[in-house]
Amino acid sequence: MWPSIRRTARSKTVGHVFPICSGSMDIKLTGGGLSDSGCQVLSQLLPLGYPESLFPIFRRFCAESTDRLTNRKFCDELQGHEAADQPDDNFDCNDEPSHGNVTIEASKKLNATKPSISGSWSSNMDHSADLKSRHRSHRPFLFQAVLDAPSHSIGSTLDRWLGDSNQLERNEVLLVLFHLKKQRLYWKALQFVEWMEGRNLLKFEERDYACHLDLIARNSGIENAQKYIARVPKPFRNDILYETLLVNCVRVSDIQKAEKVFREIRNLSLPLTVSACNQMILLYKRVARNKVADILMLMEKENIKSSLFTYKLLIDLKGRSNDMSGIELVLNKMKASGVEPDFATRTMVAEFYISGGLTEKAEAVISEMEMGYIKDKRHAIRSLLHLNAALSKPGEVARIWKLCTDPNLEDFMAAIEAWGKLGCIKQAEETFEAMLETTKKVSSRYYNAMLSVYAENKLMAKGKEFVERMSSDGCPNGPLTWEALIKLYVNSGEVEKADSFLLSVTEQNPDRRPTFGSYIYLLRAYAKKGDIHNAEKIFDRLKMVGYPGRKPPYAVLLEAYVNAEVRPYGFRERMRADGVHPVKKVIDHLKFLDKLYLKGALQN
């Protein structure tokens, strides 16, 4: 991700430490979902002494900038969630322990896989392998130093670290950014990079400028990222840099800035890639679906061949419009172009068939998926569990689960969620207990999965009992736990308690914000009751907390006025002020309330 590093004690230049990263690389799709491979990683650029078996791990986390936009966020949308529903920069306590102890243990495991240094590798080291191995156990981990450092004094802390007979090494710097990005500590990552640059430890190249721009955009906003471009030497102001800026504009759904950057790419005669076009389709799919056709026409005009991700975006667009025949047209076009639908695409098609009531077509797709993938791909079992649960087939869920002879934690969680969706509480509990027997301790994420089962099935007593168990098991609570408890209260009809609980955890945890979904769930509950006062209250609290990349949910708020049959004065102006474009449903609701108001006025 970052450029060359030179040891402080010596002038010897070391090659690239981080994977080459930008938002312009081709998008690859895996069975687990979308994966915009925003990084190009070469095995010879791995940190010194690490085997190539670790290559996929580093690549996955170093590609986070575009991967989070086009992979996780898109897949969350397919499953009916928004990316902002996740805890964002707040983490479940057990997933990110105090001072990153688990992360350091992970670092130790990675270091434990390093082979002995010999041959030509040793010539790249400032010290011999024997000397380094003797001192390594006595040296503090660089990541621990960065993680422990206060945000306002990272530079001075690292200066002391350097002065304490420590030297920067390629593998250590990579691990620092690897874990900072994994934990979404982008601010510290930016400070760490700028500290190295300020100490003249960095020699930037084209993709390094793009990665620096990405961190600036994440921490300081798009405007500061645009200003940074002016500081980049002209030879490096290329398509990689501008596409990275475009990715960040799309990430926050800023249509005006994204269109401006897209125009700049064309005006500067930079190469127009399928990746840039996909970003615009992804953006328009969310905020301006009528403009998707313009991008497709442009791609045809410029002879830009659609990628698998392009087709997947179009299938999602058709599915969200309940256009099943349109989905089949896209599939036919894929095959005509020689692009074979992968497992993730078939999963998405099956989900849309299920939601559209086309059970037989969904079953046919699932059968194809099972025959083609279940023997070779472990994640196929998770998707098949989910799809058969959506079809209300407990027998098939049980059969698929038996095929998983050596389940890992993710497999267990998929089975728990499937049983919960079917209302099979006993089987979900048995699966949860079996999971606990396979490992000494699991993170609160898996406890939250079981808690969500109780919440979805309105089992308040079991839910409260399980929360007490979580506490006795030493499982810390976090935003996802709070969301599950809010669902538990709301589904049990205790909306006011859910409101009080949300307010309480927000006040008691000023450094951690609840998930976007927590507010939405509560807002929907008040809207369903037609409680305008409390709906507006939750809406205002949500806006005060702020979620980057998420527009205020006016559509949900408007449902409160519809159910109360009250005209919302100045609603259109409020939306316009927040830059929210009304969708068809909102326009129809506003017209309905206008007619209702006029009818009442005439009667009076």
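FYI, side chains are in, hydrogens and waters are out, and symmetry mates aren't considered; it's all heavy atoms of this structure. What you see is a predicted model; the values in this text were computed from it and never measured.
Among Asn278, Ile295, Val250, the one residue that satisfies the side chain to side chain contact (heavy atoms under 4.5 Å, CB included) test with Leu283 is Val250. The side chain to side chain donor-acceptor pair (under 3.5 Å) test with Tyr447 is passed by exactly one of Thr481, Asp473, Asn477: Asp473.
Looking at residues two or more places apart in sequence or on another chain, you find a side-chain contact (heavy atoms from CB on, under 4.5 Å) between Leu317 and Lys285, Arg289, Val292. Applying the side-chain contact (heavy atoms from CB on, under 4.5 Å) test to Ala414 and every residue at least two apart in sequence or in another chain returns Arg382, Leu385. For Asp540, the salt bridge (Lys or Arg N to Asp or Glu O under 4.0 Å) criterion is met by no residue, not counting sequence neighbours. Scored by the side-chain hydrogen bond (donor to acceptor under 3.5 Å, both in side chains) test, Glu368 finds Arg346 as partners (sequence neighbours excluded). With sequence neighbours excluded, no residue forms a salt bridge (Lys or Arg N to Asp or Glu O under 4.0 Å) with Lys458. Residues satisfying the side-chain hydrogen bond (donor to acceptor under 3.5 Å, both in side chains) criterion with Gln508, sequence neighbours excluded, are Ser504.
No side-chain donor-acceptor contact under 3.5 Å links Asn388 to the backbone of Lys393. Judged by distance alone, the side chain of Ser383 and the main-chain N or O of Ala380 form no donor-acceptor pair under 3.5 Å. Judged by distance alone, with hydrogens and angles left aside, the side-chain atoms of Arg513 form a donor-acceptor pair with the main-chain N or O of Gly546 at under 3.5 Å. Without hydrogens or angle criteria, Asn457 side chain to Leu459 main chain gives no donor-acceptor distance under 3.5 Å.
Taking both residues in full, the closest heavy atoms of Leu502 and Ser518 are given as CD1-CB, 4.3 Å, listed atom of the first, atom of the second, then distance. Taking each heavy atom of Ala389 and Val397 in turn, the nearest pair found is N-CG2, 3.8 Å. For the residue pair Leu523 and Ala535, the shortest heavy atom distance occurs at CD1-O, 3.3 Å. Shown here for Asn563 and Ala527, the closest heavy-atom pair between the two residues is ND2-O, 2.7 Å. Across all non-hydrogen atoms, the minimal contact from Leu451 to Gly463 is CD1-O, 3.9 Å. Leu308 approaches Glu340 most closely through the heavy-atom pair CD1-O, 4.1 Å.
Between Thr347 atom OG1 and Leu384 atom CG the span is 7.5 Å, to the nearest 0.5 Å. The SG atom of Cys277 sits 11.5 Å away from atom CG of Leu313, with the distance rounded to the nearest 0.5 Å. Annotation: the span from Ile486 atom CD1 to Thr515 atom OG1 amounts to 7.0 Å, rounded to 0.5 Å. Here Met460 contributes atom CE and Leu485 contributes atom CG; the two are 9.0 Å apart, rounded to the nearest 0.5 Å. Here Lys361 contributes atom NZ and Ile327 contributes atom CD1; the two are 9.5 Å apart, rounded to the nearest 0.5 Å. Here the CD atom belonging to Glu410 is positioned 4.0 Å from the OH atom belonging to Tyr446, to the nearest 0.5 angstrom.
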Show, in sequence, the C-alpha distance, side-chain angles and deciding distance for Thr345 and Asp342, and conclude whether the side-chain hydrogen bond (donor to acceptor under 3.5 Å, both in side chains) test is met. CA-CA 5 Å; Thr345 306; Asp342 66 345; 2.5 Å; yes

Show your working on side chain to side chain contact (heavy atoms under 4.5 Å, CB included) between Asp411 and Asp406 and close with a plain yes or no. CA-CA 9 Å; Asp411 298 328; Asp406 185 24; over 6 Å; no

Does the side chain to side chain contact (heavy atoms under 4.5 Å, CB included) test come out yes or no for Leu296 and Leu314, once each step is laid out? CA-CA 10 Å; Leu296 295 176; Leu314 297 177; 3.9 Å; yes

Does the side chain to side chain contact (heavy atoms under 4.5 Å, CB included) test come out yes or no for Val453 and Trp419, once each step is laid out? CA-CA 8 Å; Val453 169; Trp419 289 124; over 6 Å; no

Test His386 against Glu351 for side chain to side chain contact (heavy atoms under 4.5 Å, CB included), laying out the working first. CA-CA 9 Å; His386 165 72; Glu351 288 177 339; 3.0 Å; yes

Contacts under 3.5 angstrom, residues 329-339 side chains, donor-acceptor by atom type, not counting sequence neighbours:
residue	atom	partner	partner atom	Å
Asn332	ND2	Glu328	O	3.1
Ser337	OG	Tyr311	OH	3.0
Ser337	OG	Lys333	O	3.0

Under 3.5 Å, side-chain donor or acceptor atoms of residues 464-471 against the rest of the protein: list the pairs with distances, not counting sequence neighbours.
residue	atom	partner	partner atom	Å
Arg469	NH1	Glu433	OE2	2.6
Arg469	NH2	Glu433	OE1	3.2
Arg469	NH2	Glu433	OE2	3.2

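Contact annotation: the side chain of Phe412 never approaches that of Val442 to less than 4.5 Å [non-hydrogen atoms, C-beta and beyond]. Between Pro552 and Leu542, the closest side-chain pair of non-hydrogen atoms is not below 4.5 Å. Looking only at side-chain heavy atoms (C-beta outward), Arg445 and Leu409 stay at 4.5 Å or farther from each other. Residues Lys543 and Tyr519 are not in side-chain contact: their nearest non-hydrogen atoms beyond the backbone lie 4.5 Å or more apart. Side-chain contact check for Lys487 versus Tyr454: every heavy-atom pair is 4.5 Å or farther apart. In this structure, the side chains of Lys312 and Asp316 stay at 4.5 Å or more apart for every pair of heavy atoms. Counting only heavy atoms from C-beta outward, the side chains of Leu391 and Ile366 approach each other to under 4.5 Å. Using a 4.5 Å heavy-atom threshold, the side chains of Met369 and Leu387 count as touching.
The salt bridge (charged side-chain N to carboxylate O under 4.0 Å, His left out) pairs that include a residue from residues 517-528 number zero, where partners must be two or more places apart or lie in different chains. Within the structure, salt bridge (charged side-chain N to carboxylate O under 4.0 Å, His left out) contacts touching residues 491-507 (residues at least two apart or in different chains) are Glu494-Lys497, Glu496-Lys529, Asp499-Lys537, Asp499-Arg541. Among pairs with a residue in residues 417-430, those fulfilling salt bridge (charged side-chain N to carboxylate O under 4.0 Å, His left out) read Glu429-Lys462, at least two apart in sequence or across chains. For residues 521-543, every residue pair satisfying the ring-ring contact (aromatic ring centres under 6.0 Å, His included) rule, not counting sequence neighbours, is listed here: Phe539-Tyr554.
Using a 4.0 Å cut-off between charged side-chain N and carboxylate O, Asp588 and Lys584 make a salt bridge.
Side-chain polar atoms of Arg251 and Asn248 form a donor-acceptor pair below 3.5 angstrom.
Classification of the Tyr489-Phe501 ring pair by plane angle, with boundaries at 30° and 60°, yields tilted.
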